[in-house]
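Keep in mind the model is a prediction, meaning the values are calculated, not measured. All values below were derived from every heavy atom in this structure, side-chain atoms included, with hydrogens, water molecules and symmetry-related copies excluded. Numbering starts at 1 and runs along the sequence shown.
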Amino acid sequence: MDGSVTEKLAIGCLVSVKTTLSDDFQGQVITFDRPSNIVVIHILSPFAIYQFKGSKGGARRNIRLLKANYIKELSYLGQAEDPLDIKKCFLDLNSLRAREELAIRQAEAESERIGVGVTGQAQNIFDALSKTLPVRWDKTVIVVMNEVRVSSPYTPESVSGGTPAANERVKKVLELERRRLQTRGGGQ
């Protein structure tokens, strides 16, 4: 990238960018790191470029990190206030904590769906059952509807517990899911 383009990447500049990957966007340069050749741009909606001078603190920011080598065209649109002005920066810590807690809960829920010490076939059966019935792992046993247990080798014959109706339903679903997985090559 030539020097005239890097000059347009000064902090606070409003720019229009077209990348070599055919992305087209407008934004404000937050920073440009010459050694790594990475520019950080606050992406703005097209109408916000012209109203940016009165930007409100606390608004969400969509940030993009871009290797400057990928900039095909760069147009200077003007200069705005310092994007890193401490007095105007706002972090909603409660919102960030809530997002963090949600992400942690989702990760924990996803990790509970992964069987430990089970075969790939067992995990495939668990995943297939989970699409139609509430399931969880109890070590290497699949617990369905909190009452029916499916033990290794995870066949209809290895189903136990629960009411007779629930037991039969799980056997039927298990048999259909095993057959479906076998036709797809996922089971033996």
Side-chain angles (χ1 to χ4, degrees), residues 1-132 134-137 181 184-186:
M1 206 162 91
D2 64 35
S4 65
V5 173
T6 57
E7 293 303 316
K8 294 179 183 175
L9 295 175
I11 293 174
C13 289
L14 298 174
V15 293
S16 176
V17 178
K18 184 177 278 187
T19 70
T20 57
L21 303 172
S22 300
D23 288 341
D24 228 342
F25 59 89
Q26 296 177 335
Q28 181 183 25
V29 175
I30 293 178
T31 190
F32 174 58
D33 182 56
R34 287 182 193 277
S36 65
N37 205 28
I38 292 178
V39 61
V40 179
I41 299 176
H42 170 206
I43 307 298
L44 303 170
S45 61
F47 65 87
I49 282 286
Y50 303 105
Q51 300 172 348
F52 193 75
K53 305 286 189 213
S55 176
K56 298 176 184 170
R60 283 191 166 207
R61 289 188 177 201
N62 188 4
I63 304 294
R64 182 160 182 183
L65 282 75
L66 178 68
K67 260 309 218 193
N69 307 24
Y70 289 100
I71 297 176
K72 183 177 179 181
E73 293 177 25
L74 182 75
S75 303
Y76 177 78
L77 301 176
Q79 183 72 30
E81 297 174 8
D82 182 359
L84 300 176
D85 184 356
I86 304 273
K87 295 172 189 146
K88 295 185 180 174
C89 287
F90 173 77
L91 288 177
D92 182 358
L93 293 179
N94 291 331
S95 173
L96 290 174
R97 285 185 187 113
R99 286 177 60 192
E100 176 189 32
E101 288 174 21
L102 177 62
I104 289 170
R105 281 195 307 272
Q106 287 174 335
E108 287 171 346
E110 288 175 19
S111 71
E112 289 175 5
R113 299 179 51 79
I114 299 171
V116 178
V118 299
T119 64
Q121 180 189 23
Q123 185 64 52
N124 288 340
I125 290 169
F126 178 92
D127 293 341
L129 285 171
S130 72
K131 292 177 184 173
T132 56
V135 295
R136 64 178 171 83
W137 285 106
L181 287 170
R184 289 176 43 205

Point to revise | Side-chain donor/acceptor of Q79 to backbone N/O of I11, under 3.5 Å | key: yes

**Study point:** Member of T31, V15, I30, V29 meeting the side-chain contact (heavy atoms from CB on, under 4.5 Å) criterion with V39
**Key:** V29

Check your understanding: Atom CD in E101, atom CZ in R99: separation rounded to 0.5 Å?
Key -> 13.0 Å

**Study point:** Interatomic distance, R136 atom CZ to L129 atom CG [nearest 0.5 angstrom]
**Key:** 14.0 Å

Exercise for review: To the nearest 0.5 Å, tell me how far N124 CG sits from T119 OG1.
Suggested key: 8.0 Å

Review point. How about I114 and Q123: do any of their side-chain heavy atoms sit closer than 4.5 Å?
Key: yes

**Study point:** Minimum heavy-atom distance Q28-E81, with the two atoms named
**Key:** NE2-O, 2.7 Å

Exercise for review: Write out all pairs satisfying salt bridge (charged side-chain N to carboxylate O under 4.0 Å, His left out) with one or both partners inside residues 64-80, taking only residues at least two apart or from two chains.
Suggested key: D23-R64

Check your understanding: In Å, rounded to the nearest 0.5 Å, how long is the span from SG of C13 to CG of L77?
Key -> 9.5 Å

**Study point:** All side-chain hydrogen bond (donor to acceptor under 3.5 Å, both in side chains) counterparts of S36, not counting sequence neighbours
**Key:** D33

Check your understanding: Just wondering, do N37 and F32 contact through their side chains at under 4.5 Å, heavy atoms?
Key -> yes

Review point. Are any non-hydrogen side-chain atoms of F25 and L66 less than 4.5 angstrom apart?
Key: yes

Review point. Minimum heavy-atom separation for T20 to N69, with atom names?
Key: CG2-O, 4.3 Å

Exercise for review: Please identify each residue that fulfils side-chain contact (heavy atoms from CB on, under 4.5 Å) with L21, with sequence neighbours left out.
Suggested key: T19

Review point. Can you pull the ring pair (Phe, Tyr, Trp, His ring centres under 6.0 Å) pairs that have at least one residue in residues 108-131, sequence neighbours excluded?
Key: F126-W137

Check your understanding: So how far is it from L74 CG to K18 NZ, rounded to the nearest 0.5 Å?
Key -> 12.5 Å

Review point. Does S130 have any side-chain hydrogen bond (donor to acceptor under 3.5 Å, both in side chains) partners at least two apart in sequence or in another chain, and if so, which?
Key: R113

